[in-house]
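What follows is one structure encoded as structure tokens, with my remarks underneath.
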Number of protein chains: 2
Amino acid sequence: MKLAEDDIRQRFRACGLKVTPQRAAIYRALAETTSHPTADALYQQVRRRYPMMSPNTVYYTLGALRDAGLVHEVNYWHDGARFDANLTSHHHLVCLGCRAIVDLMDARLDRLAAPALQRRAFDIIGHRVEFHGYCAACRASKPGTTRRRPEPKKRMRRA
Amino acid sequence: MKLAEDDIRQRFRACGLKVTPQRAAIYRALAETTSHPTADALYQQVRRRYPMMSPNTVYYTLGALRDAGLVHEVNYWHDGARFDANLTSHHHLVCLGCRAIVDLMDARLDRLAAPALQRRAFDIIGHRVEFHGYCAACRASKPGTTRRRPEPKKRMRRA
DNA sequence: TTCCTGTTTAGGAATGACTCCTATCTACCA
DNA sequence: TGGTAGATAGGAGTCATTCCTAAACAGGAA
Ligand SMILES: [Mn+2]
Ligand SMILES: [Mn+2]
Ligand SMILES: [Zn+2]
Ligand SMILES: [Zn+2]
């Protein structure tokens, strides 16, 4: 999916982000793949054209793009493993504020299936549904609007 | 949910795991909470009764319990953030072998809702469905049975 | 255009969650 | 009861990410 320079410029400006060559290159690399790359993979990619770019810039930029909503983190809460001894089939509600995880039993959700096309291409052994939102405590402490963006993570470069 | 010492012993034996006080304490702590704790939270908890326990033991034990199937890791692939510039609503297929992430568009999955009870307790702003399995390449390279357990992660203490 | 200022960048140091290594230690079966 | 594979403690190492800082620069103001 080719992406015009001006297109990128517009999207950045719309979010109040300065347009720099590094930033545009990182965003372009991400927008032109469907592989859901890591920060390092993007760094390796972009570094070919900008050999002096710092890995740090990639982290900083991805953070900025994410905070601006231009990019999503697929595995959002990928820090610290979280364990569960409850082996019965169930799903979870995740609080984006305090990272609490609440069990959610719902037989309907257990029965979901991927479309036939993917079931053939992929040997699927299970699935998981995750609802994201704010628990009562976090909702109370943030009298914001109804729709909001996830909190920055605990360890987070200043916005 | 009180858990008898013998109950733990039986579960461990059934999986061929040696029964040690540390291991039983860690498993008990995890089985008696619904909070989906981190390794460190479990360490802090268990350390009260076994002050000389090493954090390393907690990691080792959780790995063993997980490999035995006695425990689940809720946020399975929590290493390295993975990014996505595709902002349209969609879900993912995750290969447990090579960690590839494949897009999956399915309007049915977009429409899922949590039960009313949780919708009231939690301010839900979105959800995500993740199918887990093995991609064609990984399936081919592992002529195993149809149901199998996820691969150990790249960086993984020897089983 | 030129200047000013708040961002952004590069790079190096620090962090935190693990993972590796190794010398004991011990549960468990013979 | 003893031998041994597997477990524990603890110290060192790793890796993704974050923190810190000085220099570079984008974009609005003049
Ligand atoms: Mn759970
Ligand atoms: Mn995607
Ligand atoms: Zn919360
Ligand atoms: Zn694969």
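In this text the structure is predicted, and so the values were computed from the model without any measurement. Residue numbers begin at 1 in each chain, while the letters A, B, ... track the order of the sequences.
Between B:Tyr43 and B:Tyr59, the gap from one ring centroid to the other reaches at least 6.0 Å.
In this structure, A:Arg82 does not reach the C:dA17 phosphate: none of its side-chain N or O atoms is under 4.0 Å from OP1 or OP2. At least one side-chain nitrogen or oxygen of B:Tyr60 sits closer than 4.0 Å to the OP1 or OP2 atom of D:dA7. Proximity of A:Gln22 to the phosphate of C:dA10: a side-chain N or O atom is located under 4.0 Å from OP1 or OP2. Between A:Thr20 and D:dC25, a side-chain N or O to OP1/OP2 separation shorter than 4.0 Å is absent. Taking 4.0 angstrom as the limit, A:Thr61 places a side-chain polar atom (N or O) nearer than this to OP1 or OP2 of C:dT9. Taking side-chain N and O atoms only, A:Tyr59 has no distance below 4.0 Å to OP1 or OP2 of D:dT18. Residue A:Arg13 has a polar side-chain atom (N or O) positioned under 4.0 Å from OP1 or OP2 of D:dG28.
Between the side chain of B:Asn56 and the base of D:dG11, a donor-acceptor pair under 3.5 Å is found.
Picking from D:dT17, D:dA9, D:dG6 the nucleotide with the shortest atom distance to the side chain of A:Ala39 gives D:dT17. Closest to the A:Arg23 side chain, of the nucleotides D:dA26, D:dT17, C:dT9, is C:dT9.
Checking each of A:Arg99, A:His92, A:Arg82 against B:His36 for a side-chain hydrogen bond (donor to acceptor under 3.5 Å, both in side chains) leaves exactly one that passes, namely A:His92.
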